[in-house]
Amino acid sequence: IRMPTHQQQAFVKGLSEGYKSVLSVLMGVKIEESETFNEDDRNNIFAVVEASIGFQQLNSLVNDQIRAWVLEQAVEAVALIENSGQDFSQDMEFAGLCYNLGHELDDHLGHYDKALEYYEKA
């Protein structure tokens, strides 16, 4: 997913202030609630999904990819901020981003050592 710079900045700010809120909005994907311009297309797509992995598993796969993408964006944002040369030691937005990233790594993914790195940065 590509975003213009101003949207990227707003997204990172959202991650620092409400990581769970961002995730809940993005991960609320329910393929079975999707719409198409052509009803026949929708019926055909739904038939393929139902005949293969089903909506629950497809939703899970899509949401896992969204979670991974959000995590990747947060890691990249931290690296960009750290490499900017600016003093971020008193930056509450940066601290919030690092804390939320650590929390995601710790609570949801079980990457405790990596989470600790981000908690320390916060």
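Along the sequence shown, residues carry numbers from 1.
Within the 4.5 Å cutoff, side-chain heavy atoms of L71 are placed close to those of L105. The closest side-chain heavy-atom distance from N59 to E32 is below 4.5 Å. Counting only heavy atoms from C-beta outward, the side chains of Y118 and N100 never approach each other to under 4.5 Å. Looking at L97 and E93, their side chains never come closer than 4.5 Å, going by heavy atoms from C-beta outward. Side-chain contact between I53 and L61 is present, with heavy atoms from C-beta onward closer than 4.5 Å.
Among residues at least two apart or in separate chains, there is no side-chain hydrogen bond (donor to acceptor under 3.5 Å, both in side chains) pair with a member in residues 45-58.
Counting all heavy atoms, side chain and backbone alike, F46 lies closest to I31 at CZ-O, 3.6 Å. Heavy-atom minimum distance, G102 versus A115: O-CB, 3.3 Å.
Here the CG-NZ distance, from N63 to K30, works out to 10.0 Å after rounding to the nearest 0.5 Å. With values rounded to the nearest 0.5 angstrom, H103 atom NE2 is found 15.0 Å from C98 atom SG. Atom-to-atom distance recorded for I81:CD1 and F94:CZ is 5.5 Å, nearest 0.5 angstrom.
The hydrophobic cluster containing Y119 also includes Y99, under a criterion of side-chain heavy atoms closer than 4.5 Å among ILVMFWY residues, counted directly or through chains of members.
Heavy atoms of other residues, nucleotides or ligands lying less than 6.0 angstrom from CG of D113 number 12 at most. The environment of CD in Q86 is sparse: at most 12 heavy-atom neighbours from other residues, nucleotides or ligands sit within 6.0 Å.
Counted by atom type alone, D87 and S89 present one or more donor-acceptor pairs between their side chains at under 3.5 Å.
When hydrophobic clusters are built by joining Ile, Leu, Val, Met, Phe, Trp and Tyr residues whose side-chain heavy atoms come closer than 4.5 Å, directly or via intermediates, M92 is not grouped with F88. Criterion: ILVMFWY side-chain heavy atoms under 4.5 Å apart, direct or through other members. Under it, L116 and V78 are not part of a common hydrophobic cluster.
For H111, there are no side-chain hydrogen bond (donor to acceptor under 3.5 Å, both in side chains) partners two or more places apart in sequence or in a different chain.
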